[in-house]
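Structure first, then comments.
Indexing begins at 1, ligand by ligand and atom by atom, following the structure's order. Residue numbers count from 1 along this sequence. Predicted model only: the values in this text are computed from it and were never measured.
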Amino acid sequence: MELKKIAVVGAGTMGNGISQVLSVAGLEVVMTDVAAAQLERATETISGSLERLIKKEKMTAAEKSAVMGRIRTSTDIGAIGDCDLVIEAATENLELKLKIFAQMDKIARKEAVIATNTSSISITRLAASTGRPDQVIGMHFFNPVAMMALVELIRGLQTSDATFAAVEALAKKVGKSPVQVRNSPGFVVNRMLCPMINEAIFALAEGLATAAQIDEAMKLGANHPIGPLALCDLIGLDVELAVMQVLYEGFKDPKYRPAPLLVDMVEAGYLGRKAKRGFFSYG
Ligand code: NAD
């Protein structure tokens, strides 16, 4: 099963990045979104990103126009009808995803694979909502998609070997390094990364060291390129809190309880870089 024609549902941060890497690899892409403005913004973002590649002499103007030419956009989800693979990258909300899964299941060819870029929703649960649970898989890209090498391929309980193999081949074709993961709260990366950040927040609240000292220690002592608190500011404190809640509720293990300071800061609106204030101040 070769996946040649791909649809991406949801053209936000992740959807436009995913569409870009697919098209750069030579695949035909149809990008859909309920909001026309999001599709316009996504097209501009991709164009700007390719323009930077031209400046760095990593792409020619002719290649850029070929990449842009392979991406169609539509506000009608009906446009996914002739695709081999549909990657859902819409807003992280269970009710919304269930609604989109019902639409995709109805519209996509019966042989088509349905993938989701969800960070926290159970693949098994989304698969079970369709009439093709063996053809559903998690395809968890990382932000920024064009830069990050990893794609976690998450197998729901029902995902078939054929589905996994086809999606794994596609991930490699677009230059990513796939890692196979079983369906479980947080998958692999968020399961390890978010508790580490949460622990840094506990340490800060205890007065173990200042935010700058904690980050400096982890950069120099663990060879991390960025400290845990600066990373949390980058991810967004609300996103960090949401992942900790998913881990806590999913495992019912107190080791995943969100740090009270994290909850407090989210309630204050100190969400990190996007709010210009988190553990550090910006601009
Ligand atoms: P985003 O808010 O930037 O984009 C979501 C898009 O979905 C918006 O353009 C919105 O208009 C669209 N949308 C909403 N309802 C829709 C519908 N019914 N049909 C089609 N499109 C619809 O969100 P994002 O950050 O790109 O996240 C998308 C998914 O990727 C989420 O599941 C998220 O958990 C996951 N994810 C995000 C990151 C990240 O760092 N942002 C990383 C990995 C995975």
- Note on the structure: Among Asp33, Thr116, Asn190, closest by heavy atom to atom 11 (O) of ligand 1 is Asp33
- Heavy-atom side-chain proximity of Leu271 to Val266 below 4.5 angstrom: yes
- Examine the proximity of ligand 1 to Phe141 and report which part, side chain or backbone, both or neither, has a heavy atom under 4.0 Å away. backbone
- Task: Number the atoms of ligand 1 from 1 as they appear, then name those within less than 4.0 Å of a heavy atom of Gly10, with their elements.
- Result: 7 (O), 21 (N)
- Within the structure, does Lys97 bring an N/O atom to less than 3.5 angstrom of an N/O atom in ligand 1? yes
- atom 23 (O) of ligand 1 touched by protein (heavy atom, under 4.0 Å): no
- Query: Just wondering, do Asp84 and Glu111 contact through their side chains at under 4.5 Å, heavy atoms?
  - Reply: no
- Query: What residue and atom, counting heavy atoms only, is the protein's closest point to atom 30 (O) of ligand 1, and at what distance?
  - Reply: Asn117 ND2, 2.9 Å
- Query: Are any of the N or O atoms of His140 closer than 3.5 Å to those of ligand 1?
  - Reply: no
- Query: Near Val9, which atoms of ligand 1 are under 4.0 Å from a heavy atom of that residue?
  - Reply: 20 (C)
- With side chains defined as the heavy atoms from C-beta onward, is the minimum distance between Ile235 and Ile197 less than 4.5 Å? yes
- Message: For atom 15 (N) of ligand 1, what's the nearest protein heavy-atom neighbour? Residue, atom name and distance, please.
- Response: Leu96 CD2, 3.6 Å
- Message: Could you check whether Arg277 makes a cation-pi contact with Tyr270, meaning its NZ or CZ is under 6.0 Å from the centre of the six-membered ring and within 45° of the ring axis?
- Response: yes
- Query: Looking only at heavy atoms, is any part of Ile121 under 4.0 Å from ligand 1, and if so is it the side chain, the backbone, or both, or is it neither?
  - Reply: neither
- Test item: Glu152 side-chain N/O and Val189 main-chain N/O as donor-acceptor pair under 3.5 Å: yes
- Query: Looking at ligand 1, does any of its N/O atoms fall within less than 3.5 Å of an N/O of Thr32?
  - Reply: no
- Starting from atom 25 (O) of ligand 1, find the nearest protein heavy-atom neighbour and note its residue, name and distance. Thr13 CB, 3.8 Å
- Please check if the side chain of Ser49 supplies one atom and the backbone of Thr45 the other of a donor-acceptor pair under 3.5 Å. no
- Task: Indicate, as side chain, backbone, both or neither, the part of Ser119 found under 4.0 angstrom from ligand 1 when only non-hydrogen atoms are considered.
- Result: both
- Item | Side chains of Ser119 and Glu92 in contact at under 4.5 Å (non-hydrogen atoms) | yes
- Shortest protein heavy-atom distance from atom 29 (C) of ligand 1, along with the residue and atom involved: Ala90 O, 3.4 Å
- Closest approach of any protein heavy atom to atom 2 (O) of ligand 1, naming residue and atom: Thr91 OG1, 4.6 Å
- Side-chain heavy atoms of Tyr248 within contact of Lys255, under 4.5 Å: no
- Between Asn16 and Ile18, is any pair of side-chain heavy atoms under 4.5 Å apart? no
- Are the side chains of Thr32 and Asp76 in touch, meaning some heavy atoms are under 4.5 Å apart? no
- Decide salt bridge (Lys or Arg N to Asp or Glu O under 4.0 Å) for Lys4 and Glu28; before the verdict, give the C-alpha distance in whole Å, the side-chain angles of both, and the deciding distance to 0.1 Å. CA-CA 7 Å; Lys4 289 186 182 149; Glu28 293 289 327; over 6 Å; no
- Task: Measure from the side-chain N and O atoms of Glu240 to the backbone N and O of Leu237, and report whether any donor-acceptor pair falls under 3.5 Å.
- Result: no
- Task: Say whether Met14, considering both its backbone and side-chain N or O atoms, lies within less than 3.5 Å of an N or O atom on ligand 1.
- Result: yes
- Task: For the pair Lys176 (side chain) and Val145 (backbone), establish whether a donor and an acceptor sit closer than 3.5 Å, ignoring hydrogens and angles.
- Result: yes
- Just need the protein heavy atom nearest to atom 32 (O) of ligand 1, so name the residue and atom and give the distance. Glu92 OE1, 2.4 Å
- Nearest neighbour of atom 1 (P) of ligand 1 from the list Gly236, Gly12, Ala11, on a heavy-atom basis: Gly12
- Just heavy atoms, cut-off under 4.0 Å: does Val239 contact ligand 1 by side chain, backbone, both, or neither? neither
- Task: Do me a favour and list the nearest non-hydrogen protein atom to atom 16 (C) of ligand 1 with residue, atom name and distance?
- Result: Val34 CG2, 3.6 Å
- Task: Determine if the distance from atom 19 (N) of ligand 1 to the closest protein heavy atom is below 4.0 Å.
- Result: yes
- Task: May I ask you to check whether Gln38 has an N/O atom sitting below 3.5 Å from an N/O atom of ligand 1?
- Result: yes
